Each structure stands twice: as C-alpha cells, then as structure tokens.
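Okay, structure first, notes after.
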Amino acid sequence: MDRLDNTVRPYAWGSTTAIPALLGVEPTGEPQAELWMGAHPGAPSLVDRGTGVAAGTDGLSPLTDVIAADPDRELGPESHAAFGPRLPFLLKLLAADAPLSLQVHPDLAQAAAGFADEEARGVPLDAAHRTYKDDQHKPELICALTPFEGLCGFREPDRTAALMDALGVDGLKPYADLLRASPPGAALREVFTAILTADAERQAESVHATGRAAAELAGSGGEFAAACAAYARLADSYPGDRGVLAALLLNHVRLAPGEALYLAAGVPHAYLTGLGVEIMANSDNVLRCGLTPKHVDVPELLRIVEFTGGEPSVLRPEAGPDGEERYATPAREFRLSRRQLAPGGAPASLPGGRPQILLATAGTVRLNSGDGAELVLEAGRSAYVAAGAGPVSATGDGTLFRATVGI
C-alpha cells in the first residue's frame, strides 16, 4: 500500500473552501477545483517507494514511473493486457462553485482519429487551440458528496419548447417552433447547431433577455423554476455567451449525496455546483462549445454529439452480499464502489489482483495488508494498492470509496 501525495488543480470555477474543509486544512483563498488521484501524465500522484524507483529530491516518485517500472505487478496481467502499461482510470475530488464548460467527450474511435489528425498536422500538445490531448475516450461518473447540481443530456424537444414558451423571449421563438416541427433527433440537431453557429454578437441580446426571463421564472415557481435558476446563474456568469442558449436544451439535474451520474461519449453536460467523487477513463479529451474561456471547437463537437432526448438516469449504489455498494456502469476502464464502515464492525475485505485507489471521504479508515502493513486514512486522503500487493482489509468509522478497473 502506498499513501498518495496528490495535486490540486486551481481552475477558476473551483470552490475555495470545499476541498480544504474535507481535508481539514485552512483554505488558501484560491480556487481548489479538483484533487487528482492516479497516474495521469499531467499531474501524477506521488508515492514513497524508497530506492526501488527513481525518486525526486523529496524521495517521492510519480505513480506513472512506478507503474512503468513493473506494469505486470502494479496493474496485474489482465489490466496490462487490456489497456497497456498505464493505469486506465483517474479518480478525482471535484468541487464546483461556478459552472464548468458545456462539453462532450469523444468515443474511442473518434479520439484516436482526432488525435492522429492533429499529430499529423503538427499541432503542439500544449497548444491552446489543440482539441485532442490523447488518443483515449473519457467515459466518466460523478458521485455527489454534497447536494450536487448539473446539466446532463438533451431534454425531450417538446418540453424544451414549452420552457422557451414560458420564458417569452422573442429570440427563442424560432427555436421553439423548430423543436416542434421535426422528429426529436433531427429537431435537437437543427436547434443546437443553429444556436452554436449563429452570429455571436447578434445572439448576445437573446442571451441577456433569456437570463432576465429565467430569473423571473425561477422566482415564480412551477415546473421549470429550478432549471431557470440555474440558467439565470449561467447568464450572470457568462454574459452574452451563446452557450447559455444551448444549455436550455439540456436536462437540469440535482443529485443528493450518494447519487451519481454516468456520462457516456457524446452526451452534452456541464457541472454547476457541489462536491463529488469523479472517476473516468485516464484521458483529458474535452470538446467545448461554450461557458468557458478555454478553446471552443464547435464543428468537431457537433460531429460527435449524440442527439438523443430523454431523462438522465440517476445511479444509486447497489449493495452486494459483502456490503460493498457498487455504481454499475458499462465502462471497462473503471469501477467505483463505497463502503460505510462502523466501529466494531467486521473488517471489509478488498480483494487484490487488480490496481485500486482507496479514498476516505468521512471519518477515519484503517487499512491492513496481508504482510502486516497498516495505513490510516483521514477524510480526503487516499492510497494506491498495486495488483500484486494482495488483498487489503478496512476497518474504522467512516466512508471509503474504492476505484479499480471495470473488467
């Protein structure tokens, strides 16, 4: 077992207090948006392996180097064969205090083709206008630790047309008519494309009017009140951004602690507020179309979006006979589960044979390995367990999330 030393990413949308409060440390006054746990080249976790792996001046080694030195032991033969000599998942704490970008992720074939194209054209990996950072897809799951709010997937077109009617903004009337005039998939494609390709300056007044109307509708109650409160905040956060109009097409979702959303390739989404545990395939491929100062690639995003309407499925953990609560997804790269540990309870057994990251999100968790090693995790702290390390048992009084491969 290795205690992880993790990197905080200070993105502007991050909360200044949520992650420090979980960790029990003083806030720095700067946004702390994400705490990364894993072996992504952009911010790998550090571990203390002594002299076995080349270490920096502080004696800690990047987990990427540890895995590269002995991938069969660290990952297990099955994961190594399926995904190569890399940890296939990335675990995060995500703390949003402002809206994230409106975005989608590519599937595996799209990511491979897009990455190869930009490589062939000589676009530097660190270029601000680069779209594909690697050749991997990025299915992901967000599990709420606090009340969590986001936008996820397209609402049924007739319901969005009703929302636009209720807002009463002249610039939205043509979109409402289009949503009613065509079959659902075609209607969503037509309206989403029209919004994102219209002249930005001409759209700005409709965005401002929509923000004002959404604030009024939020205060009056009714079916769309909660969604309109979110749209009004978007308009305040991104004045004149046509992504606000595009967001009107998406479902507004609120998660209670313990509930989760799974985001497959092509599903448009944006997280708004809250603290959660996020797990994803180990990729950094994000295509954005608005609500961000970062690179926006509307043509490529429109090429990969899935224009399917419907209510998003909220996942709740499924308890197994061993007491482990699992979040079921089709992802092969990852699986997320949690354990609720109580004082005096029987030790929870965490099988070996595959790489895993263990994250305590409440209380105190004590980990014991078969060789007698012990590690204590307070809230917000995490550990990496190599596939070859064997099973681990967990006791204590708290909540433990377990991330491992999904195969």
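Remember, it's a predicted structure, so these values are computed and weren't measured experimentally.
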* To do: Check the pair Leu172, Leu163 against side chain to side chain contact (heavy atoms under 4.5 Å, CB included), reporting the backbone distance first and the verdict last.
  => CA-CA 10 Å; Leu172 298 179; Leu163 165 63; over 6 Å; no
* Asked: Above 12 or not: heavy atoms from other molecules or residues under 6.0 Å from CZ of Arg121?
  -> yes
* **Check: Phe154 ring centre within less than 6.0 Å of Phe192 ring centre** => yes
* Asked: How far does CD of Gln203 sit from CZ of Arg242, to the nearest 0.5 angstrom?
  -> 7.5 Å
* Asked: Met280 versus Leu141: any side-chain heavy-atom pair under 4.5 Å?
  -> no
* To do: Compare all side-chain heavy atoms of Leu377 with those of Leu367 and state whether any distance is below 4.5 angstrom.
  => yes
* Side-chain contact, heavy-atom cut-off 4.5 Å: Val376 with Val365? -> no
* Asked: With a 4.5 Å heavy-atom cut-off, do Thr64 and Val66 have their side chains touching?
  -> no
* Using a distance-only test with no angle check, is there a side-chain donor-acceptor pair under 3.5 angstrom linking Thr395 and Arg366? -> no
* To do: Before accepting this row, confirm whether a basic side-chain N of the pair Arg303/Glu300 lies closer than 4.0 Å to the acidic partner's carboxylate O.
  => yes
* Gln103 versus Ser101, side-chain donor and acceptor atoms under 3.5 Å -> yes
* Asked: So do Thr197 and Leu302 actually touch side chain to side chain, heavy atoms under 4.5 Å?
  -> yes
* Arg326/Asp322 ion pair, N-O < 4.0 Å -> yes
* Asked: Should Glu223 and Arg159 count as an ion pair when the cut-off is N to O under 4.0 Å?
  -> yes
* Asked: Charged N to carboxylate O below 4.0 Å: is that the case for Arg288 and Asp297?
  -> no
* To do: Calculate, to the nearest 0.5 Å, the distance between atoms CG and CG belonging to Leu179 and Leu188 respectively.
  => 6.5 Å
* Charged N-O contact under 4.0 Å between Glu325 and Arg402 -> no
* Check whether any side-chain heavy atom of Val8 sits under 4.5 Å from a side-chain heavy atom of Asn6, and report yes or no. => no
* Asked: Is the ring centre of Phe148 less than 6.0 Å from the ring centre of Tyr271?
  -> yes
* Is the number of heavy atoms from other residues, nucleotides or ligands within 6.0 Å of CD (Glu374) greater than 12? -> yes
* Over 12 non-hydrogen atoms of neighbours within 6.0 angstrom of CZ in Arg73 -> yes
* Do the non-hydrogen side-chain atoms of Thr404 and Ser79 ever get within less than 4.5 Å of each other? -> no
* Pair Asp72-His80, side chain to side chain donor-acceptor pair (under 3.5 Å): steps then yes or no -> CA-CA 6 Å; Asp72 262 356; His80 188 189; 2.7 Å; yes
* To do: Over all heavy atoms of both residues, which pair between Glu74 and Tyr384 is shortest? Give the atoms and the distance, please.
  => OE1-OH, 2.8 Å
* **Polar side chain donor-acceptor pair, Gln110 to His137, under 3.5 angstrom** => no
* Asked: Heavy atoms, side chains only, cut-off 4.5 Å: are Ser393 and Asn368 in contact?
  -> yes
* Does Glu149 pair with Arg254 as a salt bridge, N-O distance under 4.0 Å? -> no
